[in-house]
Amino acid sequence: MSTIERSTHASQQQARLVSEFVLKLTPFDKRDALRLVDARGETMRRLLAKLIPELKLSTALDCGCGVGFFSQMMQECGLQVRGFDGRAQNVAEARRRFPEILFEQGNVEDPAIRDAGTFDFVLCFGLLYHLENPFLAMRNLRALTGKCLLLESMCLPGEKTEALLREEPRLDNQSLTDVAFYPSEPTLIKMLYRAGFRVVYRVVSLPAHDDFRETSRHARRRTMLLASHFPLDFAGLRLCPETRETRDPWSKVPEVPSGVAGRVRRFLGLSSREKYFAVAQRARRVFPALRVPFRLPFGAWWLAEKSMLDYELSHDGYESAELSFVQRLLRPGMTVLDLGAHHGLYSLLASRCVGSTGKVIAFEPSPRERERLNRHLNLNGATNVEVQTCALGPDSGVARLYLVANGQDGCNSLRPPAVLEPTSTMHVAVRRLDEELHRLGVSQVDFIKLDVEGAELGVLQGAAAIFSGASRPAILAEVQDLRTEPWGYAAREIVRFMARKEYRWFGLDAEGNLFPVSTQEELYDANLVALPAERVREIIVLLNEGEYRDRDSHAAGSLRWSVISRKARIPGWLTSRAYKSWWPDVENRSARSKDAQDAS
């Protein structure tokens, strides 16, 4: 072969090699796509590091695997992985790149995909919003999932359950057809519940990519959800209740004429309660100091004045989930502490629940708030409530109390509160709760409501005797970083302080039912429930008996012993045999419980 021929042959060979290399690149290999893969992959690895040892995961399925990037990552995490994709060319490329993984062609919208069996962990990244029938696909995913599903998807912004039908280009990483439904995040959550998953969580720390956060140029485009057949207790997961419709989408607001006729028509269209408060508002223009009486949902009388709490109680309601929880928990003969009693909402409820054989001790250091508290107690004949005038803390002494004006009296605090309204100050006595209970001769407490505007940790530190007794109380506490910040500590310290004392933490859904809360979150902003580990079963039975007590007799046959609301489609998981070890055992706690408490 001559030199020219050898040169020509080499050039042709090089061109063929370059051509073959270029042809093997896919849309998945573009720089932007790889950045998204890396961000999602890092989050997935972080979750699997917790899920694999805790749930004993061994098998995984990658739905819509593309060219196999995430399948390889799951294999590196120690899972036995299979993958499928709707396009034959993607499956062929995945097999070429990762020959040790089994890849097959399959359509997640086809019920035949269920023949693949079940897998401990199912991954569905970037697939659902490319489908014509995402709900059908979700049901198939549920059938394939043995323990949990990690779902990542584009989502419409907003809080409505809706989906947008969009045209899609014909690319290897897009829809198999010309159109696809793009759901909102609430729609994804609702579909997961209705497909049959017991609980759905949002990943708190979403992938580090602009698609997962709101920017100056666009709303958040993507979300990541973890759906499971049983509750999970990990930091970094936030429970997502099923979205409920609040109004008829076809209803119209009728046009009302202006003038006197219009006002009369609007008034006649109000409910009886709304008419009552409309008349009271008119009367207040003439008599500004008028106190407006009305009944609270649990039957007690309330005198509305000019507090923000009065407005919320008379209009939109206030802490309905918390009040429902307390009403279902308390029983006649119990002893209740209302720490930060304010105007007496919880004191009145507790007074009715514990009856003449029980006792409520209300602590309220503000004379202004105490005046209204006593007025409400007298109005309702709550003779089983004792009012104490001191503030509570880790040590006894004297402190400055900041009183907030202009109706924001619920923000009174022993530290300058983070409010815009003007404040005044006065000095009040501070006592340790243990000392006060000893002085009052109280040896056992069944329930504590704790809302002291950031002083919660100090109050708990001053109550060591209560938490070391034979029968320790349940606690409903405000755990909010906004309130603890003026005190110089983070709200998570409240959670971890009680976790070290063998307490388990729970959140409340909209109906006042419990769901577990991790003790390892960085930020907290809610009213949370803390239960002593040894009383979790007992208290859950009380709650369900309380729910049964409030039901009609004809509904008794449908009662299930569940903590999470049946309307949230999470029945009976706490007493499930398969996951009975979820609740703590005093004599033999799980290793996970020990680790969580040590870390706290």
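Between Arg222 and Glu185 there is no salt bridge, since no side-chain N of the basic residue sits under 4.0 Å from a carboxylate O of the acidic one. With respect to Arg492 and Glu522, a salt bridge is recorded, a charged nitrogen being found less than 4.0 Å from a carboxylate O. Under 4.0 Å is where a charged nitrogen must lie from a carboxylate oxygen, and between Arg372 and Glu369 no such pair does. The pair Arg291-Asp310 fails the salt-bridge criterion, with no side-chain N (NZ, NE, NH1 or NH2) lying under 4.0 Å from an Asp/Glu carboxylate O. Ion pairing between a basic and an acidic side chain is recognised when a charged N comes within 4.0 Å of a carboxylate O; Glu242 and Arg194 show such pairing.
A donor-acceptor pair is defined here as one N or O able to donate and one able to accept, closer than 3.5 Å; no such pair exists between the side chain of Ser228 and the backbone of Pro231. Although no hydrogens or angles enter the test, the distance criterion places no donor-acceptor pair under 3.5 Å between the side chain of Glu371 and the main chain of Arg368. Between the side chain of Asp409 and the backbone N or O of Ala405, no donor-acceptor pair lies under 3.5 Å. At distances below 3.5 Å, at least one donor-acceptor pair connects side-chain atoms of Asp481 with backbone N or O atoms of Ala491. Judged purely by atom type and a 3.5 angstrom limit, Trp487 has no side-chain atom pairing as donor or acceptor with the backbone of Arg415. A donor-acceptor pair is defined here as one N or O able to donate and one able to accept, closer than 3.5 Å; no such pair exists between the side chain of Ser324 and the backbone of Gly512.
For Glu453, the salt bridge (charged side-chain N to carboxylate O under 4.0 Å, His left out) test picks out Arg483, with sequence neighbours left out. Listed by chain and number, the residues in a side-chain contact (heavy atoms from CB on, under 4.5 Å) with Pro367 are Arg370, Met426 (sequence neighbours excluded). For Arg439, the side-chain hydrogen bond (donor to acceptor under 3.5 Å, both in side chains) partners are Gln388, Glu436, not counting sequence neighbours.
Defined by atom type and a distance below 3.5 Å, a donor-acceptor pair is present between the side-chain atoms of Ser396 and Glu435.
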